[in-house]
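Accompanying notes for the structure given below.
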2 protein chains.
Amino acid sequence: MPYDPSAYPPFAVTVDLVVLTVRKHALCALAVRRGESPFQGRWALPGGFVAASEDLGSAAARELEEETGLRVGESAGSAAGVHLEQLATYGAPDRDPRMRVVSVAHLVLAPDLPAPVSGGDAQSARWAPVHTLLLEAGDELEPESDRDSDQLAFDHGQILADGVERARSKIEYSALATAFCTPEFTVGELRRVYEAVWGVALDPRNFHRKVTGTPGFLVPSGGTTTRQGGRPAQLFRAGGATVLNPPMLRPEI
Amino acid sequence: MPYDPSAYPPFAVTVDLVVLTVRKHALCALAVRRGESPFQGRWALPGGFVAASEDLGSAAARELEEETGLRVGESAGSAAGVHLEQLATYGAPDRDPRMRVVSVAHLVLAPDLPAPVSGGDAQSARWAPVHTLLLEAGDELEPESDRDSDQLAFDHGQILADGVERARSKIEYSALATAFCTPEFTVGELRRVYEAVWGVALDPRNFHRKVTGTPGFLVPSGGTTTRQGGRPAQLFRAGGATVLNPPMLRPEI
DNA sequence: CTGATTATCGTCATGCAGACGACTATGATC
DNA sequence: GATCATAGTCGTCTGCATGACGATAATCAG
């Protein structure tokens, strides 16, 4: 591998973000409307170019804050639980018709946010249920849907699908489902996160036994709440555990 | 995100390979000796630049074949079981002192190969047990070891560590351990793969029960062999299963 | 033939997970 | 205020997978 500074082909490097949250019992992703060609007017994942002296993770965090106001960090800021990790890198030669772009996709898990947030450099942004963004050609579309204008630009449909699959599998064996929750949450709220991400119904009693019996997963914060109605529920915070052993089992079928 | 073709910073994109195999009861990685500065004479992971119109996975497969002769592909070529997947992307601004390089690392799992292979564009290559490549500064070194010349160049030590950890966790819940085996193998040979990758001893009887009882993991090929000594062992091929449910359990401690 | 080595089958106890009953504590409704 | 719906929490039972380990089978090296 002889080194010749002029011999390597030039690439542009971007970061794209799969920002997931749970809203109204549905797993939702952040999508921004493209103001530029190509794919003008279509929805896409938020993202942007990596600066010349910027780390990949820093670029992802910067884009996230620019487009959502969310800050990453363990105990920082208002939204404490935001989680960011690298997802995968997409570099098919023709994935961007303008030039050769390699995109390092990142996955963000965030608690439910009041509004899609404004003030980004995208014309508009929204939370969309992932099942509406992931409809493949040939799938059923509701009559009132936007047809293929709901399809994501570039290869962002694939990126989103990979991110969703990563999230689905990761909450099995890690405590990351708490990243979808507010700092204090109930067992029922955590269960609804699992149900939304996996798209299944879980037995409340077995779920309660499992999560409260896993050391380090949850720590009681002392208070209770009735915000879900019914009997007051104990409030918990995320414990120090990061891996769940044995894991949460995703029901078959 | 206004588009200006001249505004994006130029990057070089490379692929680096973590090629793992099991030799002599030890998990080994492929390392090549660098002939160029920086890190001249040091060991590094194989890899190279991505061509202008080349997909990332294709570049990884090309580099793999150039440096080892291995061909990726399900039923192709001589070595059938070779597995290649994207690992992660490393892009710290100062990871290469020459210029801004983003490296998309890939993980390769291969059966034991007779020789480190020659004919690559690297001066020399060898299989090294991962524990010798992953010694951190401050760890014990055997007196006869090459000291820090055994440390990998660039951030390849971190990349290798990430690849090893990926392999260790992936054989838990997938059938990928068979990628370390020849096309036909015995239960004992598969068990020795797990033992080498995890660095633990497994009970032969429970292991046998587990792998032969998991549908689709192994299919008998009909023959037997005594190449491991002792009683003849039944030969198997990898079945169609890709995920193991329930997974293989890695012993604690 | 004897022993070493490896493969394979079986048994038993433990523990977790799924299915589900029962009870508790709140707000909503009449 | 009584009743109902809702959600949370505690228990029980059963099946199954696993860990620990005994026992037997089939080869090779002396």
Side-chain angles (χ1 to χ4, degrees), chain A residues 24-25 171-173 181-182 184-196 198 200-236 241 243-253, chain B residues 24-25 171-173 181-182 184-196 198 200-236 241 243-253:
Chain A
K24 312 256 187 182
H25 284 220
I171 64 173
E172 286 189 61
Y173 57 88
C181 297
T182 51
E184 291 197 332
F185 53 90
T186 70
V187 172
E189 288 163 354
L190 183 63
R191 175 170 48 83
R192 279 180 277 278
V193 164
Y194 275 92
E195 291 178 330
W198 285 345
V200 298
L202 299 175
D203 184 281
R205 298 156 293 189
N206 293 336
F207 183 87
H208 188 279
R209 177 183 60 191
K210 171 68 177 175
V211 297
T212 57
T214 300
F217 194 4
L218 304 181
V219 291
S221 71
T224 61
T225 183
T226 62
R227 61 186 173 219
Q228 300 290 340
R231 168 176 166 179
Q234 202 176 355
L235 284 169
F236 294 89
V243 294
L244 304 182
N245 204 325
M248 296 288 304
L249 290 184
R250 174 159 33 163
E252 320 274 336
I253 310 171
Chain B
K24 312 255 189 182
H25 282 222
I171 64 174
E172 285 188 62
Y173 58 88
C181 298
T182 52
E184 291 197 331
F185 55 90
T186 71
V187 173
E189 289 164 353
L190 183 63
R191 175 170 49 83
R192 278 179 277 278
V193 164
Y194 275 93
E195 291 178 331
W198 284 346
V200 298
L202 300 175
D203 184 281
R205 298 155 293 190
N206 292 337
F207 183 86
H208 188 279
R209 178 183 60 191
K210 171 67 178 176
V211 297
T212 58
T214 300
F217 194 3
L218 303 181
V219 291
S221 71
T224 61
T225 183
T226 62
R227 62 187 174 216
Q228 300 289 340
R231 169 176 166 178
Q234 203 176 353
L235 283 169
F236 294 89
V243 294
L244 303 182
N245 206 324
M248 296 286 306
L249 290 183
R250 175 161 29 165
E252 319 274 336
I253 309 171

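Throughout, a chain's letter reflects where its sequence line sits, starting with A, and its residues are numbered from 1.
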Side chain of [X] only, heavy atoms from C-beta on: which candidate in [options] is closest?
{"X": "Asn206(B)", "options": "dC20(C), dA7(C), dG19(D)", "value": "dG19(D)"}
{"X": "Leu249(B)", "options": "dT18(D), dT9(D), dT8(C)", "value": "dT18(D)"}
{"X": "Lys210(A)", "options": "dC20(C), dT9(D), dA17(C)", "value": "dA17(C)"}
{"X": "His208(A)", "options": "dT9(D), dT27(D), dT8(C)", "value": "dT9(D)"}
{"X": "Arg231(A)", "options": "dA7(D), dT6(C), dT27(D)", "value": "dA7(D)"}
{"X": "Arg205(A)", "options": "dA17(C), dG21(C), dA17(D)", "value": "dG21(C)"}

How many Å lie between [atom1] on [X] and [atom2] on [N], as a whole number?
{"X": "Phe207(A)", "N": "dG18(C)", "atom1": "CZ", "atom2": "P", "value": "12 Å"}
{"X": "Leu202(A)", "N": "dA17(C)", "atom1": "CG", "atom2": "C1'", "value": "13 Å"}
{"X": "Gln228(B)", "N": "dC28(D)", "atom1": "CD", "atom2": "C1'", "value": "14 Å"}
{"X": "Leu190(B)", "N": "dA7(C)", "atom1": "CG", "atom2": "C1'", "value": "14 Å"}
{"X": "Glu195(B)", "N": "dT6(C)", "atom1": "CD", "atom2": "C1'", "value": "13 Å"}
{"X": "Asn245(A)", "N": "dG15(C)", "atom1": "CG", "atom2": "P", "value": "16 Å"}

Self-check item: Close side-chain approach of Glu172(B) to Tyr173(A), heavy-atom, < 4.5 Å
Solution: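 A side-chain contact under 4.5 Å is absent here.
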Quiz item: Considering heavy-atom distances to DNA chain C, does Thr186(B) or Arg209(B) have its closest nucleotide positioned more toward the 5' end?
Solution: Thr186(B)
Quiz item: More 5' along DNA chain C: Gly230(A) or Glu189(B), using each one's nearest nucleotide?
Solution: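 The answer here is Glu189(B).
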Exercise. Give one of base, sugar-phosphate or nothing for Arg227(A), where a contact means two heavy atoms less than 4.0 Å apart.
Key: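 No contact.
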Practice problem: Output, in order, the C-alpha distance, side-chain angles, deciding distance and verdict of side chain to side chain contact (heavy atoms under 4.5 Å, CB included) for Leu235(B) and Arg227(B). | Solution: CA-CA 11 Å; Leu235(B) 283 169; Arg227(B) 62 187 174 216; 3.7 Å; yes
Self-check item: Nearest-nucleotide comparison on DNA chain D, the residue closer to the 5′ end among Asp203(A) and Gly188(A)
Solution: Gly188(A)
